[in-house]
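To find a chain, count down the sequence lines: A is the first, B the second, and so on, and within it residues start at 1. Here the structure is a predicted model, which is why all the values come from computation and not from measurement. Below, all heavy atoms of this structure are taken into account, side chains as well, without hydrogens, waters or symmetry copies.
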Protein chains: 2
Amino acid sequence: MAQLDESLLSGLPPFSQLTRVQIREILDQATSKRYERDTVIFREGFEADRFYLLLDGYLRVVRTTPEGEQIIALHISPGQLFGIAPALQRETYPASAIAASESLALSWPVRLWETFTQNYPSFSTESYKTLGARLGEMQTRITELATQAVERRVAAALLRLVSQSGRKVEGGVEIGFPITRQNISEMTGTTLHTVSRLLAAWEKSGIIKSARKRIVVTDPPRLLVLSGAKS
Amino acid sequence: MAQLDESLLSGLPPFSQLTRVQIREILDQATSKRYERDTVIFREGFEADRFYLLLDGYLRVVRTTPEGEQIIALHISPGQLFGIAPALQRETYPASAIAASESLALSWPVRLWETFTQNYPSFSTESYKTLGARLGEMQTRITELATQAVERRVAAALLRLVSQSGRKVEGGVEIGFPITRQNISEMTGTTLHTVSRLLAAWEKSGIIKSARKRIVVTDPPRLLVLSGAKS
DNA sequence: CAGGCACTTTGTTCTGCCTCAAACTCGCAG
DNA sequence: CTGCGAGTTTGAGGCAGAACAAAGTGCCTG
């Protein structure tokens, strides 16, 4: 394995307070691995034996129902910790992680979690902050699913994707990884057909542009209105 | 304030590893307060300045949408910590807590959170375990809302309520606090009308018995089937 | 560069559940 | 014990969106 560079971590919140030496130590214990698109990184229900940090790429965190339907719980962007079940004293992963685009991640065995949190207070603080943000986001999704019409949910999902992974392109902001109508339907609890119709309508009215697996939001404010934002 | 007895805490997971003296210390720093039914304990969006332990009674944790609709995120049973936003580095509570029945709770100022987790490892471990369980439960609810029909969701909600607060009565298990059809609809993302119709049907087929604000499940296995449990 | 597969679009039908409406009943406050 | 309000029941009608169906279309592989 190639030697990892300290600058990989030094800019990330959980590590930014640490000294070079500390970061070196952490890196030396890490395993680095790349994942091709659609590769499973860990699987729901399996023993949670490692925790991860995404360096590059994007992931979907997915849950499968007994009937075999999938729903996407969460997306992970570069710089985020994931698979941190051990922080919550879980023995198994509650969901599966799948690479949405070619990705690169570091990982450590769970036994180091305790070491890290004890030796590096900023690591602990930042990790729990991430968890708090995720929990809040999940509550928002529950509320949306429980109270809002499909159109609003899809609009909100698109905005969330853009804010988490958007990159500027001429004419708008593009979602940073390949995503299908099916994927969007799995985030919003609807069908790919309905998503397709909605996107077609929005494209016609100039709010988005889309190609196969790619979506560019050209008019975020209009989407915001559709998502039901309070004026 | 009356002197609190150590036995209040000694049986609860977060404290069961501690010595009498340690528990005494914790109790001495606690504020104890009772809440009448429908009282707000803390409110969504307000500064998260205390964390709580429910000693007796039941709470609803509620979120309000911009449109003013409520949805019930969670129920809290005796012995559980709640309002633990500070553990996740949040500055405000993400939801409101309301007494579902007359309740008694202890609370501490947030600055003690750090003290507790540092001095009492079992406190930290157990708190994060609770959080992990809640996160898992929320994921399950998202999945349900996204994929399952109303009847299943209501059946699942009833079972969850019974398992969290059920007390044995002749002829079945009763939900341990007053609950309206409206409340159930706010847990499941439907309307009180639909809930009423479902409960009426189930009562007719002998699965439950109900009175105003009270529900007794007389045939849990049949409910389990309705909730879509995998055989 | 041709063929196939994954993804997408579009049409039609059908229904679960919401909406609106109104009457009923229990329990408590006065 | 009586009247009122909160909670509940029940009916009828409509429609958003699921289900079913089938025909494009772009991309990658060989």
Side-chain angles (χ1 to χ4, degrees), chain A residues 36-38 60 65 67-72 98 100-102 144-155 157-158 175 177-205 208-216 226 228, chain B residues 36-38 60 65 67-72 98 100-102 144-155 157-158 175 177-205 208-216 226 228:
Chain A
E36 294 185 27
R37 209 209 285 179
D38 296 334
R60 287 182 237 292
T65 69
E67 286 79 20
E69 294 170 288
Q70 286 202 335
I71 84 115
I72 298 177
I98 299 173
S101 58
E102 166 136 35
E144 273 179 24
L145 282 166
T147 67
Q148 272 153 37
V150 168
E151 183 177 50
R152 284 189 164 197
R153 304 207 300 263
V154 175
L158 239 47
I175 292 172
F177 52 89
I179 186 164
T180 66
R181 325 274 140 157
Q182 173 76 27
N183 291 152
I184 296 175
S185 76
E186 285 166 357
M187 300 174 60
T188 51
T190 180
T191 62
L192 78 162
H193 307 274
T194 299
V195 172
S196 178
R197 285 181 234 268
L198 284 172
L199 295 193
W202 293 342
E203 184 146 17
K204 197 172 304 182
S205 50
I208 65 166
K209 277 194 193 312
S210 81
R212 187 164 270 240
K213 293 196 177 191
R214 299 177 58 242
I215 298 176
V216 180
L226 287 174
Chain B
E36 293 185 28
R37 210 209 285 178
D38 296 333
R60 288 182 237 291
T65 69
E67 286 79 20
E69 294 170 288
Q70 288 202 333
I71 85 113
I72 297 177
I98 299 174
S101 58
E102 165 137 34
E144 273 179 21
L145 282 166
T147 65
Q148 271 153 37
V150 169
E151 183 177 48
R152 282 189 167 199
R153 303 207 300 264
V154 175
L158 239 47
I175 293 172
F177 52 89
I179 187 164
T180 66
R181 326 273 139 157
Q182 172 77 27
N183 291 151
I184 296 174
S185 75
E186 286 164 356
M187 299 174 60
T188 50
T190 180
T191 61
L192 78 162
H193 308 275
T194 300
V195 172
S196 178
R197 285 181 233 268
L198 286 172
L199 296 192
W202 293 343
E203 184 147 15
K204 197 172 302 182
S205 49
I208 65 165
K209 275 192 194 315
S210 81
R212 190 165 267 241
K213 293 195 180 192
R214 299 176 59 240
I215 298 175
V216 180
L226 287 174

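For the side-chain contact (heavy atoms from CB on, under 4.5 Å) test with B/R181, the passing option among B/V195, B/T190, B/T194 is B/V195; the others fail.
Sequence order on DNA chain C of the closest nucleotides to B/G189 and A/T180 puts A/T180 first from the 5' end. Comparing A/T190 and B/R214 against DNA chain D, the residue whose closest nucleotide sits nearer the 5' end is B/R214.
Heavy-atom distances under 4.0 Å link DNA chain C to B/H193, B/T194, B/R197 of residues 193-204 of chain B, given in residue order.
Residue contacts for B/R212: at a heavy-atom cut-off of 4.0 Å it reaches a base atom on one of the strands shown.
Between A/L199 atom CG and A/I208 atom CD1 the span is 4.5 Å, to the nearest 0.5 Å. With rounding to the nearest 0.5 angstrom, the CG atom of B/L198 is 13.5 Å from the CZ atom of B/R152. Between the CE atom in B/M187 and the CD atom in B/Q70 there is a gap of 13.5 Å [rounded to 0.5 Å]. To the nearest 0.5 Å, the span separating CD on B/E69 from CD on A/Q148 amounts to 8.0 Å. Atom-to-atom distance recorded for B/R153:CZ and A/L145:CG is 8.5 Å, nearest 0.5 angstrom.
Counting heavy atoms from C-beta outward, A/I184 and A/V154 have side chains that approach closer than 4.5 Å.
In 5' to 3' order, the nucleotides of DNA chain D bounding all contacts with chain A (an atom under 4.0 Å from a heavy atom) are D/dG17 to D/dC27. For DNA chain C, the contact window with chain A, defined by any atom under 4.0 Å from a protein heavy atom, covers C/dA6 to C/dT12 in 5' to 3' order.
For B/R60 (side chain) and B/I72 (main-chain N/O), no donor-acceptor pair under 3.5 Å exists by modelled atom type. Between the side chain of B/E203 and the backbone N or O of B/S210, at least one donor-acceptor pair lies under 3.5 Å.
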Residue pair A/T180, A/L192: steps toward the side chain to side chain contact (heavy atoms under 4.5 Å, CB included) verdict:
CA-CA 9 Å; A/T180 66; A/L192 78 162; over 6 Å; no
